[in-house]
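Letters go in sequence order (proteins before strands), and every chain restarts at 1. Computed from heavy atoms alone, side chains included, the values below leave out hydrogens, waters and symmetry copies.
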Number of protein chains: 2
Amino acid sequence: MAAWGQRLAGVRGVLLDISGVLFDGAEGSGVPIAGSVEAVARLKRSRLKVRFCTNESQKSLGDLVRLLQQLGFDISEGEVTAPAPATCLILKERGLRPYLLIHDGIRSEFDQIDTSNPNCVVIADAGESFSYQNMNKAFQVLMELENPVLISLGKGRYYKETSGLMLDVGAYVKALEYACGIEAEVVGKPSPEYFKSALQEMGLEAHQAVMIGDDIVGDVGGAQQCGMRALQVRTGKFRLRVPDGEAGES
Amino acid sequence: MAAWGQRLAGVRGVLLDISGVLFDGAEGSGVPIAGSVEAVARLKRSRLKVRFCTNESQKSLGDLVRLLQQLGFDISEGEVTAPAPATCLILKERGLRPYLLIHDGIRSEFDQIDTSNPNCVVIADAGESFSYQNMNKAFQVLMELENPVLISLGKGRYYKETSGLMLDVGAYVKALEYACGIEAEVVGKPSPEYFKSALQEMGLEAHQAVMIGDDIVGDVGGAQQCGMRALQVRTGKFRLRVPDGEAGES
């Protein structure tokens with residue numbers, strides 16, 4: 001306990017990943033991870049600030065929060081940092097009109113975005129919508145552009161659902177990067193902008209916060225690169241055997 | 001002409017890529033590239049040996065050759081080096097039972113292969129069969145293996161059909177490589193074994209042969225790395241603007 005006290009000295013806030021830390025998703029639903037509902041409640045009763053940091057890109061923020069509330073979590077939309085709203089800001093600032101390779105569940109987040117005559121591609125965890133036809137359309141849009149812009153909501157390798165491991169958006173980002181000879185811009189973990197934005201919302205400096213996640217790269221690595229401390233849980237996609245190269249996040 | 005004579009001095013055989021050099025494919029059919037039928041006929045009337053070298057993996061060898069014959073080409077199955085038969089040999093030699101992420105058009109090539117209880121994945125240009133469900137199945141098979149083996153028929157970025165550029169198998173190989181943290185074994189161009197096997201069939205040494213293709217990496221680069229000369233045509237997927245990094249082949 002002394003060691004833990006030392007390691008967490010000066011921490012004033014906790015950033016919590018959602019999928020694989022609070023719950024394991026399932027088709028349109030999910031199952032809380034044992035102890036997580038109570039852990040969130042205890043954190044909220046403590047003096048620590050709490051923020052939820054997700055790369056969720058299959059559900060709108062509203063749907064995600066409603067699901068978590070139904071599972072018993074004390075959470076509201078304003079406490080969540082998610083990549084879709086940040087992406088919309090970027091699109092508007094840069095006058096980008098995306099071809100949206102996304103899940104229908106998150107399409108409402110882009111209601112205010114002009115998607116006519118696309119001059120970029122936005123890719124998120126599209127699940128079943130990662131058809132050959134949709135991937136090829138995204139590829140063709142990018143190949144027609146003088147300066148191809150590919151914006152990715154996260155770059156996770158895979159995530160865990162109750163039914164097993166599932167391919168995440170990062171795999172499909174790599175496919176388009178390779179086919180087009182380009183590099184995607186990542187919005188969401190592990191991009192530094194994502195963590196800085198979450199810290200800003202909490203009113204904390206990096207050294208005052210600890211990130212808790214199941215992904216060694218997206219959560220732990222990303223947070224550490226921003227000067228934060230980080231803890232990896234052994235739930236969700238956690239596996240003892242780490243594949244070669246970098247791991248992914250969701 | 002003197003320059004050409006010099007460049008091709010000592011050449012006794014020609015290796016011809018098929019898609020993008022002889023014809024542009026279309027759904028179940030194709031259109032010969034202007035002059036290509038006559039060019040093949042002239043080569044065959046010359047003293048040069050001719051071999052067709054393809055990474056075609058949507059059609060069986062029989063179907064591909066029948067299509068080319070219908071388009072007017074003088075070609076027979078015995079004159080073609082293709083990746084599927086080479087893959088079957090590898091599977092048998094190493095006792096591998098593949099999950100086949102392939103196009104239905106080429107499934108008959110694997111009729112004699114045991115696919116029960118898969119201990120590897122074979123990926124080819126599956127086209128519409130690159131569904132999320134099939135990709136996820138391949139991913140899950142690989143993640144369950146102690147030593148994941150992913151065998152890829154080529155690693156092209158894209159190819160050209162009459163309707164436009166189409167994503168090729170290489171993009172999906174990259175997706176699985178990233179998700180699983182592994183590297184695929186490539187059967188087909190640009191692997192040296194492929195070119196060596198074609199040269200052996202022709203009874204020629206590398207310095208006696210020239211490869212003609214539309215892909216700067218798969219055709220030209222691969223052949224040159226084997227000590228052959230190579231020519232890039234300006235048909236098929238040829239584009240003046242080369243994307244960053246390596247280009248692809250099909």
Salt bridge (charged side-chain N to carboxylate O under 4.0 Å, His left out) pairs touching residues 93-103 of chain B, sequence neighbours excluded, are B/Arg94-B/Glu185
Do B/Tyr172 and A/Tyr172 pass the side chain to side chain contact (heavy atoms under 4.5 Å, CB included) test, and can you show the C-alpha distance, the side-chain angles, and the key distance before you say yes or no?
CA-CA 8 Å; B/Tyr172 288 90; A/Tyr172 288 89; 4.1 Å; yes
Answer key: most heavy-atom pairs under 4.5 Å with chain B among A/Met135, A/Gln133, A/Met166 is A/Met166
Against chain A, residues from residues 103-132 of chain B with at least one heavy atom under 4.5 Å, in numeric order, are B/Gly127, B/Glu128, B/Phe130, B/Ser131, B/Tyr132
ring-ring contact (aromatic ring centres under 6.0 Å, His included) filter on B/Phe139, not counting sequence neighbours, yields A/Tyr158
Taking every heavy atom of B/Ala175 against every heavy atom of A/Ala175, the minimum-distance pair comes out as CB-CB, 4.3 Å
Most contact-rich option vs chain B, by heavy-atom pairs under 4.5 angstrom, among A/Leu167, A/Asn134, A/Asn136, is A/Leu167
Residues passing the side chain to side chain donor-acceptor pair (under 3.5 Å) test with B/Ser60, sequence neighbours excluded, are B/Asp63
Closest non-hydrogen contact found for B/Leu165 with A/Gln140 is O-NE2, 2.8 Å
